[in-house]
Amino acid sequence: MNINLTLIGQSIAFAVFVWFCLKYIWPPILTALEARRTRIADGLAAAERGLRAKEEAQVQIDEDLEAAKTQAREIIANAQRRADEIVEEAKSDARVEGDKLLDAAKAEIDQQIHQAREALRGEVVSLALSGAEQVLMREVDATAHDEALGKLAAQL
Amino acid sequence: MAAQTSTEYIQHHLQNLVLGFHPENGLGIAHSAAEARAMGFWAIHLDTMLWSMGLGALFLWVFRKAAIKATSGVPTPFLNFIEWVIEFIDDNVRGTFTGKNDLVAPIALTLFVWILLMNTMDLVPVDWIPHLAYLLGVPYMKIVATTDPNATFGMSLAVFALTIYYSIKVKGAKGFFGELAFQPFPKFLFPINLFLEGISLLSKPVSLSLRLFGNLYAGEMIFILIALLYSGGFWWGLMGGALQWGWAVFHLLIVTLQAFIFMILTIVYLDMAHSHH
């Protein structure tokens with residue numbers, strides 16, 4: 001248990017250990033710890049930001065969805081209205097067309113009636129003439145009585 | 001070792017392996033306590049130096065390995081453990097040391113881990129390594145370096161030198177002297193002040209090293225006394241085994257606590273050197 005040179009040896013060894021520790025052990029480990037702390041803090045901040053962005057996106061999505069729904073409703077309503085209009089239009093067109101066709105048919109019928117009447121008139125005249133010839137037993141001068149016959153035919 | 005009395009057994013366990021110049025035998029290893037004493041100051045405890053430097057190198061090697069592997073990514077369990085130790089030291093330094101000095105934390109780390117390792121050697125059964133050394137022809141082998149006052153004083157004197165250095169560097173020679181001479185009493189009583197403050201200054205390294213040495217020396221002594229029981233037959237041996245286990249469990253506390261106290265007090269002394277009154 002004597003005090004001797006070991007004392008100085010120990011002091012030197014201690015000094016060398018501390019120097020090594022100061023130079024090669026403490027700084028790299030503490031730097032790594034500091035870097036990790038920063039990384040974790042950054043990561044947490046990023047996660048926080050991500051979460052907030054997600055919430056904002058959700059709000060945006062809800063808004064967009066609502067807008068889309070409203071628009072869809074409008075489009076459907078417009079389409080409904082348009083369809084009703086088209087149907088109405090078609091109905092009125094059909095009515096007009098039908099009236100036109102009816103008029104045309106009526107006109108044709110009138111025309112045919114007129115033609116038939118003209119033909120009948122002519123035939124009635126010739127019948128009347130042949131009847132009168134037979135009654136009179138002679139030839140009636142058609143040209144001489146044309147005027148009178150015309151008047152007669154017009155009365156039919 | 002067979003024909004030993006208890007006293008011889010104990011004395012054998014408390015003798016360091018000394019290398020030095022004997023007045024008659026010249027340079028060599030001391031083969032008795034008397035020879036070791038005769039070598040005087042210019043001798044060296046080979047076992048203390050070997051075990052302390054070996055454990056110090058182990059500490060530096062393990063921590064250097066961690067320092068090389070340290071990244072900001074996910075740490076391995078080994079790295080995690082080392083970082084845990086480093087953060088423990090860092091927290092203590094930040095909590096106790098108020099100045100700014102990058103040297104303090106490495107000093108604290110070195111002291112804590114190194115002393116812890118040296119103290120832990122106390123838990124190795126007291127006869128294993130000395131007996132192995134004896135079989136190899138080495139007469140003495142004390143494996144607990146902190147039971148050698150040279151080791152504890154070596155560290156505490158280095159800390160003391162740093163305290164003085166930083167006191168003068170931070171406060172200036174005049175400021176440091178003023179701190180010693182002009183308080184706690186008025187200036188004209190400066191001899192009394194100087195005496196009181198001088199004692200308080202010198203008591204720091206002495207108490208620092210003697211506390212560690214005394215605790216470990218006493219612990220080692222109890223282990224040796226317990227080991228004596230093994231030569232007393234089966235029942236004494238059984239009791240010795242139980243006692244050794246119990247004392248080892250209790251000693252774990254002392255081993256850690258003394259390393260921690262040495263570290264914390266070193267930080268406190270360095271902090272006092274940096275702060276103005």
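In what follows, every chain begins at residue 1, and chains take the letters A, B, ... in the order their sequences are listed.
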(message) Within 45 degrees of the ring normal and closer than 6.0 Å to the centroid, is that where the cationic atom of K69(B) sits relative to F78(B)?
(response) no
Is there a side-chain contact between T147(B) and L14(B) (heavy atoms, below 4.5 Å)? no
Contact list (residues 29-40 of chain B to chain A, heavy-atom gap under 4.5 Å, by number) returns A36(B), R37(B), G40(B)
Whatever's closer than 4.5 Å to a heavy atom in chain A on S52(B) counts as both
Bottom line for I107(B): the part with an atom under 4.5 Å from chain A's heavy atoms is both
Greatest number of non-hydrogen atom pairs under 4.5 angstrom with chain A, of A43(B), G56(B), A70(B), falls to A43(B)
When the 4.5 angstrom heavy-atom criterion is applied to L30(A) and chain B, the contacting part is side chain
Given L109(B), V74(B), L46(B), the one with more heavy-atom pairs under 4.5 angstrom with chain A than any other is L109(B)
With chain A, the option among F153(B), F63(B), W114(B) that has the most non-hydrogen atom pairs under 4.5 Å is W114(B)
message = Within the 3.5 Å criterion, strictly below it, is a donor on N78(A) or E74(A) matched to an acceptor on the partner's side chain?
response = no
Item to check | Distance-only side-chain donor-acceptor flag, N16(B) / Y140(B), under 3.5 Å | outcome: no
Okay, I8(A) and chain B: the region with an atom under 4.5 Å from a heavy atom over there is side chain
- Counting N and O atoms only, with roles assigned by atom type, does the side chain of D271(B) sit under 3.5 Å from a partner on the main chain of F97(B), one being a donor and the other an acceptor? no
>> When you measure from the side chain of H12(B) to the backbone of P139(B), do you find a donor-acceptor pair of N or O atoms at a distance under 3.5 Å?
In response: yes
Rounded to the nearest 0.5 angstrom, the CG-CG distance for L7(A) and L157(B) is 5.5 Å
Note: vs chain B, highest number of non-hydrogen pairs under 4.5 angstrom among T6(A), L5(A), I25(A), V18(A) is T6(A)
When the 4.5 angstrom heavy-atom criterion is applied to I82(B) and chain A, the contacting part is side chain
Problem set entry | 4.5 Å side-chain heavy-atom contact, Q15(B) and Q11(B) | no
message = Is it the case that the side chain of T96(B) and the backbone of V93(B) share a donor-acceptor pair, with hydrogens and angles ignored and the cut-off at 3.5 Å?
response = no
Answer key: most heavy-atom pairs under 4.5 Å with chain A among G73(B), A158(B), S156(B), A161(B) is G73(B)
Greatest number of non-hydrogen atom pairs under 4.5 angstrom with chain A, of R64(B), M53(B), M155(B), falls to R64(B)
So side-chain hydrogen bond (donor to acceptor under 3.5 Å, both in side chains) across residues 11-30 of chain A, not counting sequence neighbours, yields none
In this structure, CG of L60(B) is separated from CZ of F20(A) (nearest 0.5 Å) by 5.5 Å
Of the listed A66(B), P75(B), A57(B), the one with the largest count of heavy-atom pairs under 4.5 Å with chain A is P75(B)
| message | Ring-plane angle category for F112(B) and F260(B), please: parallel below 30°, perpendicular beyond 60°, tilted otherwise. | response | perpendicular
